[in-house]
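Below is a structure I'd like to ask you about.
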Amino acid sequence: MALAGTLVARNAFATADQAKDWLAALAKGAPKDGKVTLKAPEIAENGNAVPLTVSVDSPMNDTSYVKAIYIAADGNPNPGVSVFEFTPLSGKAEIALRVRLQQTQKLVAVAEMNDGALFTASREIKVTIGGCGG
Amino acid sequence: MADDIKPRLRVPASAKKGEVIEIKTLITHPMETGQRKDADGKLVPRLIVNSLVVTYNGKPVLNAKLEPAVSANPYLAFFLKVEESGTLKFTWTDDDKQSWSAESKIEVA
């Protein structure tokens with residue numbers, strides 16, 4: 001089935017700008033580089049389930065914690081991947097999930113701190129077999 | 001469509017006061033993206049689990065909003081700081097507003 005998918009016309013992919021816009025609509029302001037770490041394989045053989053861990057350097061106490069992590073991808077049919085809202089009860093600002101990647105693309109994460117500061121990081125993942133149906 | 005759906009949890013049964021523990025969750029769900037075509041070439045409508053809400057003794061721990069880019073059988077692992085014994089509650093909701101809940105108790109030793 002995955003092979004057939006490559007033979008038919010597909011919906012347009014999101015672009016880097018769309019991924020940026022999707023993130024900007026959620027996290028208002030200009031994110032700075034740093035504090036955010038994206039862990040994922042450099043090459044994903046199967047785009048259907050690519051392990052991804054996003055962590056943010058934060059003490060996660062009542063005075064300083066990560067409010068939310070926003071994740072976008074710039075080469076899928078839609079730019080959004082997910083949003084995770086945390087509280088100091090989380091203890092550690094880290095989330096692990098598996099994502100679908102249609103093609104080689106960049107994942108971008110933005111972290112919003114409780115004081116409104118924004119931090120970002122991105123990571124390119126090479127995909128051998130795409131994972132959006134087909 | 002969305003039948004045979006089962007949440008799975010891996011939560012430690014006990015923890016020390018103040019310990020940060022890892023919580024692993026998975027729900028068996030096809031996460032139809034709305035991009036896939038069936039054998040007749042028709043688009044299969046989008047049907048995904050779009051939300052997971054986790055609370056501990058009623059207090060929010062994690063609020064996850066998922067998009068079709070999250071893999072089938074969505075797996076999420078995250079952390080919880082345990083200060084007191086209690087009940088961790090999970091609620092998943094999909095596009096059809098169907099929801100599934102699960103609970104797990106944690107004892108502070």
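Residue numbering restarts at 1 for every chain, and letters A, B, ... go by the order of the sequence lines. Given the structure is predicted, the values throughout are model-derived calculations rather than measurements.
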For this session: Find out if a path of hydrophobic residues (ILVMFWY) with successive side-chain heavy-atom gaps under 4.5 Å connects F90(B) to I21(B).
Result: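 Looking at the clustering, I21(B) is in the same group as F90(B).
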Problem set entry | Hydrophobic cluster identity match, V50(A) and L26(B), side-chain contacts under 4.5 Å |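 No: no chain of side-chain contacts under 4.5 Å links V50(A) to L26(B).
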Problem set entry | Nearest-0.5 Å distance, CG of residue N76(A) to OG1 of residue T33(B) |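 OG1 of T33(B) is found 9.5 Å from CG of N76(A).
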For this session: Mark yes when over 12 heavy atoms from residues, nucleotides or ligands other than E124(A) sit less than 6.0 Å from its CD; otherwise mark no.
Result: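 Yes, CD of E124(A) has more than 12 neighbouring heavy atoms, counting only those of other groups under 6.0 Å.
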Exercise. Does N48(A) offer a backbone N or O that forms a donor-acceptor pair with the side chain of S71(B) under 3.5 Å?
Worked result: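 Confirmed, S71(B) side chain pairs with N48(A) backbone.
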Problem set entry | Same apolar cluster: V36(A) and M113(A), side chain cutoff 4.5 Å |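 V36(A) clusters together with M113(A).
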Problem set entry | Straight-line distance of N78(A) CG to E67(B) CD, nearest 0.5 Å |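 Result: 7.0 Å between the selected atoms.
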Problem set entry | Side-chain touch L62(B)/I95(A), heavy atoms, less than 4.5 angstrom |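 Answer yes - side chains close enough.
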For this session: Would you check if F79(B) and L89(A) make a side-chain contact, meaning some heavy-atom pair closer than 4.5 Å?
Result: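 No, every pair of side-chain atoms sits at 4.5 Å or beyond.
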For this session: For residues G80(A) and A69(B), report the shortest heavy-atom separation together with the two atoms involved.
Result: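 Shortest heavy-atom separation between G80(A) and A69(B) comes out as O-CB, 3.7 Å.
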Problem set entry | Portion of A73(A) that has a non-hydrogen atom of chain B nearer than 4.5 angstrom |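 Neither part, no heavy atoms under 4.5 Å.
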For this session: Could you check if a side-chain atom of Q35(B) sits within less than 4.5 angstrom of a side-chain atom of Q102(A), using non-hydrogen atoms only?
Result: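 No. Closest side-chain heavy atoms not under 4.5 Å.
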Problem set entry | E42(A) atom CD, neighbour heavy-atom count above 12 within 6.0 Å |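 Result for CD/E42(A): open.
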Exercise. For R10(B), does the CZ atom have more than 12 heavy-atom neighbours from other residues, nucleotides or ligands under 6.0 Å away?
Worked result: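 Check fails, neighbour count at 12 or below.
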Exercise. Take atom CG in D62(A); do more than 12 heavy atoms of anything else shown fall under 6.0 Å from it?
Worked result: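 Counting neighbours around CG of D62(A), 12 or fewer heavy atoms of other residues, nucleotides or ligands fall under 6.0 Å, so no.
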Exercise. Hey, any chance I71(A) and F86(A) share a hydrophobic cluster, counting ILVMFWY side chains that come within less than 4.5 Å of each other, even indirectly?
Worked result: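 Yes: a chain of side-chain contacts under 4.5 Å links I71(A) to F86(A).
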Exercise. Just by distance, do the side chain of S90(A) and the backbone of L80(B) share a donor-acceptor pair under 3.5 Å?
Worked result: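 No: the side chain of S90(A) does not pair with the backbone of L80(B).
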Exercise. So do the side chains of N63(B) and F84(A) get within less than 4.5 Å of each other, counting heavy atoms only?
Worked result: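 When only atoms from C-beta onward are counted, F84(A) and N63(B) do not touch, as no gap falls below 4.5 Å.
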Exercise. Which residue, K92(A), E94(A), M60(A), forms the side chain to side chain contact (heavy atoms under 4.5 Å, CB included) with V20(B)?
Worked result: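 Exactly one option meets the side chain to side chain contact (heavy atoms under 4.5 Å, CB included) with V20(B), and it is K92(A).
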For this session: Keeping the roles fixed (side chain from R100(A), backbone from P68(B)), state whether a donor-acceptor pair exists under 3.5 Å.
Result: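 Between the backbone of P68(B) and the side chain of R100(A) there is a qualifying donor-acceptor contact (under 3.5 Å).
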Exercise. Between E83(B), M31(B), E22(B), which residue shows the highest count of heavy-atom pairs closer than 4.5 Å to chain A?
Worked result: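 Option with the top pair count is M31(B).
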For this session: Establish whether I69(A) and V81(A) are linked, either directly or via other cluster members, by ILVMFWY side-chain heavy-atom contacts under 4.5 Å.
Result: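 Shared cluster, yes.
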